[in-house]
Structure formats: structure tokens, C-alpha cells
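What follows is a short report on a single structure.
Each chain gets a letter, A, B and so on, in the order its sequence line appears, and its residues count up from 1.
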Amino acid sequence: MIVELDAIRGVSLDTIYDSPEGKLIQTCIQCGTCSGSCPYGEYMEYPPRRIIKLLQHGLIEKAFDTDSMLKCVNCYACMMKCPREIHLTEVLLQLVKEQTVIKLPVVPAELQKALENNYRYGNPMGESGRKRANWVQTTTVPIRILSQNPEPVDVLWFVESYPAFHPRGQDTCRAIAKILNALGIDFAILGNEEKSAGECGLLSWESGLAEALVDYNMAIFSKYKFNRIITSDPHALDAFNFRYKMYGFKGSITHIVPFIMEHIDKLKPMIHKTLGYSVTYHDSCCLGRHNGYYEEPRALLKSIPGIKLIEMVHNRINTLCCGGGGGGMWLDTYFKSQNMERLSDRRIREAIDTGADVLAVACPYEIPRFEDALKVAGYDKKMVVKDIMELVSEAMEE
Amino acid sequence: MSKTNGKIRIGFYICHCGTNIAGTVDVQKVVDYASTLPNVVVSKHYKYMCSDPGQEMIQKDIKEQELNRVVVAACSPFLHERTFRNATSQAGLNQFYFQMVNTREQNAWVHLDPEASTDKAMDLVRSAISRVVFHKPLEQKTVPIKPDVLVVGGGIAGIHASLTLANAGKKVYLVERVPTIGGHMAMFDKTFPTLDCAACILTPKMSAVKNHPNITMWTYSEVEKVEGYVGNFKVKVKRKPRYIIDDLCVGCLDCIEACVYKEPRFHDEFNQGLSKRKPVYMPFPQATPQLVVIDPETCIWFKTGKCKQTCVESCERKAVDLNQQATYKEIEVGTIIVATGFKPFDASKVYYYGYGTYPNVYTALEVERLINASGPTSGEVIMRDGSTPKSIAIVHCVGSRDKNTNLWCSRVCCLYSLKLAHLLKEHTHADIYNFYIDIRTPGKLMDEFYTRMAEEGVKFIRGRVADIYPDTSDEEHRRLVVKAEDTLIREIIKVPVDMVVLSTGLVPRDDANDVRRLFNITCSTEGFFIERHPKLAPVNTFTDGIFLAGCCQGPKDIPDTVAQAGAAAAEALALIDLGYIELEPNTAFIVEEECSGCKSCVPLCPYSAISYNEEKKKANINEALCKGCGTCVASCPSGSIKQNLFEDEEIYSEIDGILNYNIYEEAVCC
Ligand SMILES: Cc1cc2nc3c(=O)[nH]c(=O)nc-3n(C[C@H](O)[C@H](O)[C@H](O)COP(=O)(O)OP(=O)(O)OC[C@H]3O[C@@H](n4cnc5c(N)ncnc54)[C@H](O)[C@@H]3O)c2cc1C
Ligand code: SF4
Ligand code: SF4
Ligand code: SF4
Ligand code: SF4
């Protein structure tokens, strides 16, 4: 149910009523499924249902006096369950969020910093852009960097900031490099030329920042010849698949999990090791709910001998958000100040209830979020968080 | 001396249809224009041509002005062609000298620009005036209607239609797919809004069907083939083998007792799988007919070829016959009533409601069985985990009003949810929470029923359920948390309950498309069969002689189902008692001298109306079978097939007319 991009390109809160989305808003039956699905619904003065009613009546200004939409973590739960298929997360809530942030008396510091970092350094953590490709030196397999060798390439791997800089993200990167190499994929990365895809800005509020990053990355893409892009970050996947397309991006983008599943027949004989783990898999909101990849990650996990997959209570379309989306990654302090439960803490309890040894994920935000939540729960000795790629790589060891 | 003098004299009339047409089309301009066209001797407009004065005007002109052709520009032929044909023939002119122009639906209603619309009207009028010159006087043929009726589906709709017809003295064949008639209603405990016991009101009708001398009831049977047309359908029915000889079995159930399976082990369809049955079984105590059936899918003999066949031995009447084969019946009927009912929505499709994952999540139909005295728990509400619920959530609109599943409101779920709230409360004294979007209780006594439930203390929460999951604060995780926004007090609530009931909507049967094709009727994209007109022909289909009744046409409750079944029976009776129908004379015919005998047309006719005469070496069209589709006309390489009302010169002059080519200036009357 992804929207017709043309239909909403350039739509603002003032012009929305003349767009097809405006007609959809009028069909809302005020059923409250959206608010009931929202992980932070109980903390919002104007949860999604009320936002839509305000929009219906042209009273949306009221919502800007509250921080309700700042609490939206872009988890797509409301949108995917809405019986009227209103594009809540994709369109409406973001437009409201942008105005909310503009009108906030003070933007939460942590968030402000992340945005500035993104603007200055091309990554939210404020690392030097010149160190983006440093992780490459820690791998044993060859990785081509396009600026050094600009020959056409089949697959462009968009690494993204968290995988490139975060130590645990780098673990995933090394695993991916090893797998791609073993599969004989002709791939390359952008190296230091890459900047954050800008999803956090796109899907939260800062359309100015987002556009700068979109322009930048699109210009870099146009320098090189490649057939498709892959990424391990579902948020980047979302940005390219959805927002970039509004700005004219025409390329094809695939998440690493479905990409590897395309090569599963070739991969299987390379899996030697039996991993005797019981594993529970957390559906990332962007990968699962928004892009529909529910079964591919499970199939990939099941292709590893010895792995026993246990489902958490909330899975697939009903997954519980880790709280990292829509800027939530940099709002933990703010949410805490509002006495709001951290969503990764809520989620980790379900993971713990499964009794699994491993919490498998397919999104770079989730590793640090869940590792921290495990510590808080005092369960970090009994359960580890692993990217699916790390598990595949481990199983490929002799 | 006649004014015609062998000349064509056309009368042209355009209708205002109030402002429907005249609001957009400049009728005066069209009249002025038509009067300049060749052969037109009368050109008039009138407020309502279909009214008596309108028709009388035409008739008066036919007589006084000696018109021999009539053209009326008005609404669609579907609505009023018959009216004007009648008017024409009552004035003594052959009715096929009339031609109609649709200037409402295909013009005034769909255009905004009056000038363009008027131009279009003039083009269409010119075309009709040009064509009507070549019309020929035709005779309408009649065909007799066979008095017997086929009813397909033995739910309450089919039962009621069959009984109505049979009581009127007509012979009825009732074909039911499963081993018993009764449909969904037979599964219910009580029925809203009066809470009368479903079995008490249904089973007398079921046995009336069984015993009625005018009804031939074939259960465990299916219609395989339908040929022919209104009044004369040839139908082939397959009677699946029950492995029981109907005439010998008395329903003593000895064979069930004797089956090598000592315990029932297989999914019991009638109880929605809440209990088990043996391979040889009686669907339910009041099943009609009272015949057991052996299911080859589960019977070990059919699966492995090995069994002591204790059932065969046990039957003193020698009624068990494991070698029975399917039989086929060919019948001839004049009319058909399709009453194939609905299917409940598959609740597992709304993944986040946990049906199939959490044992204490039930569908409404399962609960109907649970509270039924003849159900799997003899009417005690004992859940899959053996406990009795103390709190119950009833979730409305499951699979309905939702673009992700089905858009429509299923109409009965609110009411049956109220009914189940009452019955569950009565059986368990549990706290009941009904989660709804809107409570819809139209119809006689329905809102009163809602009030009564509120008085009984059922809690109503306005909010669509967003999530259902096990309560982790409860040791055994047996309780379920139902999460929703209570939109009226504007709070997100989490209600822990022991049992969840999903009020699933009504959806078309899986094979709706096959059934549609079999009977040559139409169904909407979602799969409900389409009535000929949503208001004025609610039980007719677009195929003459085939009628609809019950939920196969759309979700509805039992009162409406029965009313519709009665209406369908009345429509069938109207045809039968008239005894014949008039056929449109638009049939194809072969000009024998020109037919080269190439046989190209023979296999093309979708109605098998063309045969080949070996002696004459010519093709021949059976007028009674031809539907006038024109396929053969276009296919004949020697152009020797013609079609009444669509002869070449009629079509070409119509085209010439619309293109404003040389219209026949002075045509001579034929
Ligand atoms: C849970 C639930 C509770 C309800 N409670 C009430 C209530 O309390 N009061 C009320 O008024 N309404 C109630 N309804 C609505 C009621 O069920 C329908 O109005 C009624 O059953 C419709 O009858 P029917 O004959 O059209 O269809 P069905 O009952 O579905 O019967 C159709 C019959 O046709 C047969 N059939 C299907 N296809 C073929 C085929 N191709 N060839 C031959 N036979 C075929 C089927 O086997 C079946 O026997 C309830 C509905 C549900 C789901
Ligand atoms: S889920 Fe959709 S229809 Fe229901 S209240 Fe929310 S926006 Fe409106
Ligand atoms: S996207 Fe998720 S967090 Fe945002 S409003 Fe919808 S349900 Fe709530
Ligand atoms: S053949 Fe055997 S299994 Fe089948 S019904 Fe008879 S006794 Fe039972
Ligand atoms: S027009 Fe020809 S093809 Fe069509 S029904 Fe008649 S005979 Fe058959």
C-alpha cells in the first residue's frame, strides 16, 4: 500500500486537501486502530486518530501546541492496520511532525546534535567523514572503493553511517563483505564519498537537511555505473525506495537479506557449521511492516543448520518497534524525561520471554538498542544480539 | 388516398425527461434539425415521452400523419424500448419499425457542455433516422416455459424458495452440495432479534422439504452442466457417492458404532472442528436426510484398500455399499434459483487478532456451536483449554469495512455479536466487552434488541481492536489482552479477558466464479452475484429465468434471506404461470443459396445453435437456441449469415448517418 509518489510530491499541510490523500483523510472512520496500534499512543495527547480528525476539520494547528507527533517513531503500525489505508506514517504524520518540531520551544538537545552532525559530517554521530571507510582495513576480503577504482560495477553496497562507524555495525559489515565475496558478487562501496541517506531527517522533520543529503547522494550515484544498490540498513532502504524516488531517483535498491536470499542455492553449500542456537527474530518496522520482508529473514535463518527459531508474541505485521525510527534514536533522553517507557526495553522483555539465546536482527540501529536494553534487564549474559549476516558468516566458518 | 404513396414517413420525438435531458441538450434545436432530415414528416419534443400523453401523441401521429417509422430520443432501451414498441404496435404499426436513441445515459448525464451535447444528440438522431428506413417488420416468437424449477443450495434461502414453489404445485429439484440441507442457520443456537431457537424454526421446514411430494431433494450433489435458455434449461446433476444406499438406510447409526475407528478422530465440519467425527458419520442429529455418509478422505478403506469393513457387516439392512459410484441425473427445468449462500471470513487473515495462534480466540461460528445444546460441548461454554471464561471480548467487524480485507459491512455481525453477548452471558455469567466501530442495528426490532443488551450489562467500547496478545502478568499466559483506543473516553485501553470472539464478516464462497460461469450469471469483483437492478430487480439476474436468493447475492440476515427467497420463487412462478416468453427477433439466419457449406460458423456459436445439414451441405441455425450474439454473422466467409435488426444495410446506414455521409434522400417503402 505504498502511495502513488506523484500524488503526494510536494504536498504540504495546506495543499493536502486538494490531493488524493486529502480525499482519503475524509474517509477515516475514527475507529482508533491507529492509536491503539501506536507504541506510544498512550503518551500522546493527539494520537493518530485525533490528528486525522483535526485534519478533517482543518484544525491541525491544535496539534502543534503539543509534542504528540514528536513521539511518533515511524513504526508504520498505524498505517499498516488502518482499515481505510490512510497513509498515516508515510505522509500525514510527517507533515505534522515537521511543524511540531518547528514550533517546539526547544528542540531536544540530543536530537539537535544528531541533525547538526548529519549536516556537517554526513553522519549523525559526528564522526569525521574521512574515516567512514576505515573499517575496510579490518577485513580480510578485498573491498573495492569506487573513488579509487571507478570501473562499472554490478552491485553498489550503500553501507550507511551506523554500520560504517559503530563497532557492532562494523561487525555486520565484515560479515557482509565476507558473504558477498564468497558468493562471487561483483560489488563496491562509495567509501568516504558516502553520506547518510538522510532517512532520519526525511522521515522526521528536517526536510531542508534531508534534501541536501538527497542531492548529495544522488550526485555521487550519477558519477558511477552500477546495476543496483544493496544496503543492510532498512532505513536507507526506505529512504531510497520512497523519498528519493520523489526526488527523481530511479535506481533499484534491495535490502541485504532478500538480496542474499536470491543467492541462497549458491550459499547453502558454503554453510558448514551447525549453530546450536535458539534464535528469536525481531522484525524491523521498515524491513517488515513497510517493505513486506517477513519471510525472507526467517528463511535465511532457517537455512542455517541447528538454528531453532522461536517467535516473539508480536511478530510480522504486529511487530513492536525498537523505538529507533523517526528520530527516536536520538530522543531516548527526551522520552525518559517524559516518563515514557523505552520501546527497546518493552521489546526486550518479549525476546527474553522466548528463552532464546540469540536475538537476531536485520537493522543496524537495533544492535546497540537491544544490547543496552539487555543490560538494563540484567539479561546480557544469557542472550546476545546478532545481525542475521553475522550468524550466516559464523555458519560459513570451516 | 394514402399519404405514404410508398414513401417512408418518419416521426421523430425527443423527450425532456424533466430536466434530465432538456437541462443539457437543446431539444428545440434537435427537433428543428431533425425536421430537415430526409423522410422526417413529424418532429416534436415533449416533457415526458413515456407518459400516457407522450405515447398517445405518437399513436395519433401514426394514424393521422400515416407514419411508417418512429424514432424516439430519450433514455436507454433497457428502460423504455418496450414502452415505445408497444405504443407503436398499438397504433397498428409493426413494433420493429421503431428505433430508440439513448440521449440521457450516454449523453445528457455524462456531458457538461450543452452545445457539444446537443451536437452529439443530433448526430445520434441522424444515425437512427438513417437506419430506421431499412427496418423490416418482424414477428416475435414465443417459447414455452417448462414448469419445473431447479433450486441450487439448501440453506434457508433454498429451503424457503423450494417450499414456496412446491406449495404452489410446481415440481422442484433442490440440489445441495453437502450431505444435509440447512446451511449456516442449522448451526446456530438462537437467532436475533427474537432469540428464537434456530433448530425449532428450521427443522420443521427441513423435514417439510424432505417429505414434500413436489420436491426432489438431492443432497451431496452438484450441478455439473447447464445448457439452454429461459424456459428450457437442460441440467446435469452429479450425485456423489455416499457409500450408503439411500432407500435402505434408516439412520440407525449402527455402522458408526461399528466402525474400526473406535474413537472419532477427524475434523467435524459441522462443529467447525471443535469436535471429532468418524469416517462414517451423521453431520448432526437433525440432519436431513437422516442418512449417514462415508467420507472417502478419511475412511481407511478408501485410503489403503484395507479394512475389516465392520460398518458393512454391522448394517442389518445392507445399506452400506463401499463400491457405490457417482450417478448423474439429467433434468429439464424452465427456471433456476441460485441460493448458494456465503462463507464466513477467514479470521486468520487478520494476523494481529491471533486466530489459530491463541487457542482461546474463537470465531463467532465456533461460538454458535459451543453454546448449542447439540454442539461439541452440549451447550456448555468450555474452551479449548478446558476452562470456562469469566470475561469475554467480542470483536466486531473482523474482515469487514477494511480495505486490507473486505470493504463491505457484513450487516449481520453487529446483531449476531449482540446475540452472542447475551447467550454467552446467559451461559457463563462472564463480563462481556463488545468492541465496535459503529453499532449497526437497522431493521424491525433490531435497535430494541441493542437496548436490551445494554440493559443486560454488556459493556460497549467504541474502538476497533488493534492488538490481541497473551497477558504475561498471568502465570500461565492463558489470558489475552485486548488493546484498543476507547475513542469515546479517548484512552488507550488494555482489557485482559479469558476468551476472544471474532465476529467475522460474510464473504462469497470460494467457487463463486465457477458457479457464475456455470449459470452464466455475473458477479462483482468481490464475488457476490449481481442482481439485474439494485432496486427494481433485486432477485433477477442478467440471464432470463435465473434468479438469486440469500447471501450469495450479498450479506443479509435470515428475515431478508427468506423475503428474497419468496421473491425469487414468485418471479419463477410469474414466468411459469404465463407459460411462455417472447423472444427478441434478433436471431441470425442463413441465406441458403449463398451458404457454401464451409462449416466455419458451426463450432463458433457459443450456444450450439448451428447444425450442419449433410444432405443439403448447408449450415442451419436453430432460431430457438440463437441468442443473437452475432459471432457467426461476422465469421461467415461468404457473408451468407444475416441477423434480424442487424442486417448489413441497417448497420451501414446507421454508420453513414453518424458520419453524416449521404443519407438516403428518397427511400422507398419496402
Ligand atoms: C455467526 C453467524 C451468526 C448469525 N446469526 C444470525 C441470526 O441470529 N439471525 C439472522 O437472521 N441471521 C444470522 N446470520 C446470518 C445467516 O447466517 C444468513 O442470513 C443465512 O444463513 C443465509 O442463508 P443462505 O441460504 O443464503 O446461505 P447458507 O446458509 O450459506 O446456505 C447455502 C447453502 O448452499 C449450499 N451450497 C453452496 N454452494 C453450492 C453449490 N455450488 N451447489 C450446491 N449447493 C451449494 C451450501 O452447502 C449451503 O447449504 C448469522 C451469520 C453468522 C455468520
Ligand atoms: S486507523 Fe485509519 S480509519 Fe481508523 S481512526 Fe486511524 S486513520 Fe482513521
Ligand atoms: S508510525 Fe508508529 S509511532 Fe508513529 S504514530 Fe503510527 S503507530 Fe505511532
Ligand atoms: S470401511 Fe472401515 S473405516 Fe471406513 S467407515 Fe467402514 S468401518 Fe469405518
Ligand atoms: S448469432 Fe450465431 S453464434 Fe450467436 S447464438 Fe446465434 S447462431 Fe449462435
Side-chain angles (χ1 to χ4, degrees), chain A residues 1 24 27-53 68 71 75 77-88 283 288-289 292 294-295 311-321 346-354, chain B residues 348-358 361 393 395-410 435-440 461-477 479-495 505:
Chain A
M1 63 177 263
L24 257 187
T27 67
C28 164
I29 46 175
Q30 290 290 296
C31 67
T33 309
C34 46
S35 310
S37 309
C38 180
Y40 277 153
E42 53 260 66
Y43 299 104
M44 294 174 180
E45 187 173 343
Y46 288 101
R49 175 188 63 83
R50 296 189 72 203
I51 296 275
I52 300 298
K53 194 74 207 170
S68 301
K71 294 170 180 164
C75 74
C78 54
M79 186 177 103
M80 294 314 289
K81 291 184 188 174
C82 169
R84 285 296 177 264
E85 292 189 348
I86 294 173
H87 299 99
L88 290 139
D283 288 275
R289 215 151 24 206
Y294 297 124
E295 302 314 322
E311 293 292 349
M312 283 182 263
V313 162
H314 287 92
N315 58 64
R316 298 181 170 84
I317 192 179
N318 215 20
T319 187
L320 287 186
C321 181
R346 190 186 292 177
R347 184 53 161 170
I348 213 70
R349 284 200 297 277
E350 284 201 352
I352 292 172
D353 278 346
T354 63
Chain B
S348 65
K349 285 189 184 161
V350 185
Y351 186 65
Y352 49 95
Y353 286 169
Y355 180 74
T357 309
Y358 308 124
V361 177
V395 181
H396 290 219
C397 292
V398 179
S400 305
R401 304 184 67 194
D402 181 351
K403 281 187 179 174
N404 299 293
T405 52
N406 301 310
L407 268 177
W408 59 89
C409 162
S410 296
F435 289 84
Y436 67 97
I437 308 174
D438 298 294
I439 296 268
R440 296 184 165 175
I461 297 168
R462 192 199 173 280
R464 185 172 171 276
V465 170
D467 193 5
I468 294 172
Y469 54 94
D471 183 1
T472 39
S473 65
D474 149 42
E475 270 299 289
E476 293 157 55
H477 292 203
R479 274 154 63 105
L480 295 160
V481 178
V482 178
K483 189 177 174 207
E485 184 190 15
D486 184 326
T487 59
L488 299 180
I489 53 173
R490 299 202 318 219
E491 265 171 34
I492 312 288
I493 54 167
K494 296 171 192 164
V495 184

task: Considering non-hydrogen atoms only, spot the tightest contact between A/E45 and A/R50 and give its length.
output: O-NH1, 2.9 Å
B/T405, part contacting chain A, at a heavy-atom distance under 4.5 Å: neither
- prompt: Which residue out of A/D353, A/I29, A/I317 racks up the most heavy-atom pairs below 4.5 Å with chain B?
  reply: A/I29
- line: Test side chain to side chain donor-acceptor pair (under 3.5 Å), reference A/S35, set B/R490, B/E485, B/E491, output is B/E485
query: With a 4.5 Å heavy-atom cut-off, do A/P83 and A/C31 have their side chains touching?
result: yes
field: side-chain hydrogen bond (donor to acceptor under 3.5 Å, both in side chains) assessment of B/D438 paired with B/H396
entry: CA-CA 9 Å; B/D438 298 294; B/H396 290 219; over 6 Å; no
Residue part contacting chain B, namely of A/N315, when any heavy atom lies under 4.5 Å: both
- request: Let me know if A/C38 has heavy atoms under 4.5 Å from chain B in its side chain, its backbone, both or neither.
  value: backbone
statement: Residues of residues 350-358 of chain B with a heavy atom under 4.5 Å from any heavy atom of chain A, in residue-number order, are B/Y351, B/Y352, B/Y358
message: Which heavy atom of A/D283 sits nearest to which heavy atom of A/R347, and what is that distance?
response: N-NH2, 4.3 Å
task: Taking all non-hydrogen atoms of both residues into account, name the closest pair between A/H314 and A/E350 and its distance.
output: ND1-OE2, 2.6 Å
field: Non-hydrogen side-chain atoms of A/M312 and A/N318 separated by less than 4.5 Å
entry: no
Which atoms of A/R349 approach chain B - backbone, side chain, both or neither, heavy atom under 4.5 Å: neither
Winner by heavy-atom pair count (cut-off under 4.5 Å) against chain A, out of B/T487, B/I493, B/V465: B/T487
message: Regarding B/D402 and B/R464, does a basic nitrogen lie under 4.0 Å from an acidic carboxylate oxygen?
response: yes
Pairwise side-chain contact, A/C82 with A/L88, heavy-atom cut-off 4.5 Å (strictly under): yes
